[in-house]
Q: 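Here it is: the structure, laid out below.
Because the structure is a prediction, the values reported are computed rather than measured.
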Amino acid sequence: MKKAIVTIGRQFGSGGRQIGKRLAELLNIPYYDRELITEAARKSGVSEEYFQKIDETAASSLLYTLSAGSYMMGTQMASINDLPANDRLYVIQSEIIREKAAQGPCVLVGRCADYILRDHPERISVFIHAGDTFRLKRIVEEYGADPKKAPDIMRRTDKKRAQYYHYYTDGKWSDAANYQLTFDSSLTGIEGGAALICSFIEHAHPLSK
């Protein structure tokens with residue numbers, strides 16, 4: 001079976017994280033999600049708990065331009081430590097994502113990984129969505145959310161992810177044109193979703209065997 005570097009964007013409650021984990025098991029490759037926060041905290045010396053609070057959250061204003069690994073403000077070079085915490089986490093996670101991709105096939109969830117690895121020849125970018133009824137049921141059952149609060153939690157989380165994606169990529173998070181594969185997980189379930197991605201990888205070209 002072919003293997004690839006798979007990036008997964010997902011609506012909240014769609015099961016994207018679980019599908020990614022199952023995919024990694026089927027392909028016998030590493031899986032990275034919250035593990036990226038742990039490693040970013042270790043590399044930076046910043047509290048992991050603090051990074052968790054701001055993960056996949058854009059800074060309040062675009063103060064810095066990120067370009068080719070350099071962080072510029074006007075004509076002055078800025079140290080990574082001078083960046084807002086959100087930008088610092090993005091920069092560190094971007095470096096880690098590139099490192100993981102350089103090591104070989106893996107599954108990377110969220111954090112603009114599709115954009116960060118956009119030029120990688122073995123990247124397969126996936127976006128997983130589902131209808132509100134399916135997602136709300138999962139949010140209540142999987143995350144223990146209050147059924148009355150679940151719709152607001154769903155909307156706020158999706159909005160946060162969309163803003164984060166737009167802030168760092170200038171693209172639209174939910175636009176199918178930004179991905180190589182999109183599907184409705186309410187039709188596939190977790191196992192079927194992972195199998196669908198496996199089939200797509202197998203038929204994708206070019207990818208190394």
Side-chain angles (χ1 to χ4, degrees), residues 1-36 55-56 97 100-101 104-118 120-145 147 149-162 164-166 169 171-209:
M1 181 182 288
K2 288 183 182 179
K3 297 182 180 181
I5 294 160
V6 183
T7 66
I8 296 180
R10 73 286 183 222
Q11 287 185 322
F12 186 56
S14 66
R17 178 176 291 113
Q18 289 82 356
I19 290 173
K21 284 184 177 180
R22 182 57 182 145
L23 175 66
E25 291 172 357
L26 292 173
L27 297 178
N28 192 28
I29 59 177
Y31 167 87
Y32 301 107
D33 181 10
R34 294 192 179 99
E35 295 83 356
L36 297 173
D55 185 42
E56 290 195 284
I97 285 169
K100 301 304 183 186
C106 59
V107 176
L108 297 150
V109 176
R111 299 164 185 86
C112 303
D114 63 295
Y115 177 81
I116 294 164
L117 300 176
R118 61 194 179 279
H120 198 292
E122 293 187 359
R123 182 211 66 168
I124 293 292
S125 58
V126 179
F127 187 82
I128 300 171
H129 59 93
D132 288 358
T133 300
F134 176 83
R135 293 166 61 201
L136 289 170
K137 185 174 185 292
R138 292 195 76 259
I139 290 169
V140 171
E141 294 179 352
E142 296 288 329
Y143 300 102
K149 296 180 180 179
D152 185 55
I153 293 171
M154 182 179 71
R155 285 190 293 269
R156 284 191 288 107
T157 304
D158 280 352
K159 182 178 180 180
K160 183 185 75 169
R161 289 177 180 175
Y164 176 85
Y165 191 88
H166 178 71
T169 73
K172 187 176 180 181
W173 172 67
S174 60
D175 187 349
N178 289 331
Y179 306 93
Q180 295 162 322
L181 173 66
T182 66
F183 64 89
D184 184 337
S185 57
S186 69
L187 301 177
T188 65
I190 303 303
E191 194 70 29
L196 176 62
I197 300 173
C198 282
S199 178
F200 185 83
I201 293 171
E202 190 66 25
H203 292 89
H205 180 79
L207 282 174
S208 58
K209 290 285 187 180

Q: Would you mind listing every salt bridge (Lys or Arg N to Asp or Glu O under 4.0 Å) that reaches into residues 172-188, with sequence neighbours excluded?
A: none
Q: To the nearest 0.5 Å, tell me how far His120 NE2 sits from Ile5 CD1.
A: 3.5 Å
Q: Between Glu142 and Arg17, is any pair of side-chain heavy atoms under 4.5 Å apart?
A: no
Q: How far does CG of Asp33 sit from NZ of Lys21, to the nearest 0.5 angstrom?
A: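 Between Asp33 CG and Lys21 NZ, I get 7.5 Å after rounding to 0.5 Å.
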Q: For side chain to side chain contact (heavy atoms under 4.5 Å, CB included), just list the numbers for Val109 and Tyr31, CA-CA rounded to whole Å, side-chain angles, deciding distance to a tenth of an Å, and then say yes or no.
A: CA-CA 8 Å; Val109 176; Tyr31 167 87; 3.6 Å; yes
Q: State the CZ-CD1 distance between Arg111 and Ile116, to the nearest 0.5 angstrom.
A: 10.0 Å
Q: Taking all heavy atoms of Asp158 and all of Phe12, pick out the closest pair and write down the distance.
A: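 Answer, listing the atom of Asp158 first, then Phe12: OD1-N, 2.9 Å.
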Q: Looking only at heavy atoms, which two atoms of Cys112 and Thr169 are closest? And how far apart?
A: SG-CG2, 3.9 Å
Q: Looking at side-chain heavy atoms only, is the closest gap between Lys2 and Glu122 below 4.5 Å?
A: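 The answer is no, as the side chains (C-beta and beyond) never meet within the 4.5 Å cut-off.
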Q: Would a distance-only check, ignoring hydrogens and angles, find a side-chain to backbone donor-acceptor pair under 3.5 Å from Ser185 to Ser14?
A: yes
Q: Quick one: closest heavy-atom pair of Lys100 and Cys106, and the distance?
A: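 Heavy atoms of Lys100 and Cys106 come nearest at O-SG, 4.1 Å.
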Q: With sequence neighbours left out, what residues match Lys149 under side chain to side chain contact (heavy atoms under 4.5 Å, CB included)?
A: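 For Lys149 the side chain to side chain contact (heavy atoms under 4.5 Å, CB included) partners, ignoring immediate neighbours, are Asp146, Ile153.
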Q: Restricting to non-hydrogen atoms, name the atom on Arg10 and the atom on Arg161 that form the minimum distance, rounded to 0.1 Å.
A: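 Minimum heavy-atom separation between Arg10 and Arg161: O-NH1, 3.0 Å.
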Q: Say you draw a straight line from CZ of Phe183 to CG of Leu196; how long is it, rounded to the nearest 0.5 Å?
A: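 It is 5.5 Å, given to the nearest 0.5 Å.
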Q: Considering residues at least two apart in sequence or located in another chain, which fulfil the side chain to side chain contact (heavy atoms under 4.5 Å, CB included) criterion with Leu27?
A: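 Per chain and number, Leu27 pairs via side chain to side chain contact (heavy atoms under 4.5 Å, CB included) with Met1, Leu23, Ile29, Cys198, Ile201.
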Q: For Gly171 and Tyr165, which heavy atoms make the closest approach, and how far apart are they?
A: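 Looking at all heavy atoms of both residues, the closest pair is O-CD2, 3.5 Å.
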Q: Roughly how far apart are Ile128 CD1 and Ile197 CD1, rounded to 0.5 Å?
A: 4.5 Å
Q: How long is the gap from OG on Ser174 to CD on Gln11, to the nearest 0.5 Å?
A: 7.5 Å
Q: Arg118: which residues meet the side chain to side chain donor-acceptor pair (under 3.5 Å) condition with it, sequence neighbours left out?
A: none
Q: For the residue pair Lys159 and Arg156, establish whether any side-chain heavy-atom pair is separated by less than 4.5 Å.
A: no
Q: Kindly write out the residues that satisfy side chain to side chain contact (heavy atoms under 4.5 Å, CB included) with Ser199, not counting sequence neighbours, or none if the list is empty.
A: His203
Q: Just say parallel, tilted or perpendicular for the rings of Phe127 and Trp173, cut-offs at 30° and 60°.
A: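 Judged by the thresholds at 30° and 60°, the geometry between Phe127 and Trp173 is perpendicular.
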Q: Looking at residues at least two apart in the chain, or sitting in another chain, which of them share a side chain to side chain contact (heavy atoms under 4.5 Å, CB included) with Gln180?
A: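 Scan of Gln180 (side chain to side chain contact (heavy atoms under 4.5 Å, CB included), adjacent residues dropped) gives Arg123, Ile124, Ser125, Phe200.
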Q: Considering non-hydrogen atoms only, spot the tightest contact between Leu26 and Ala195 and give its length.
A: CD1-N, 4.4 Å
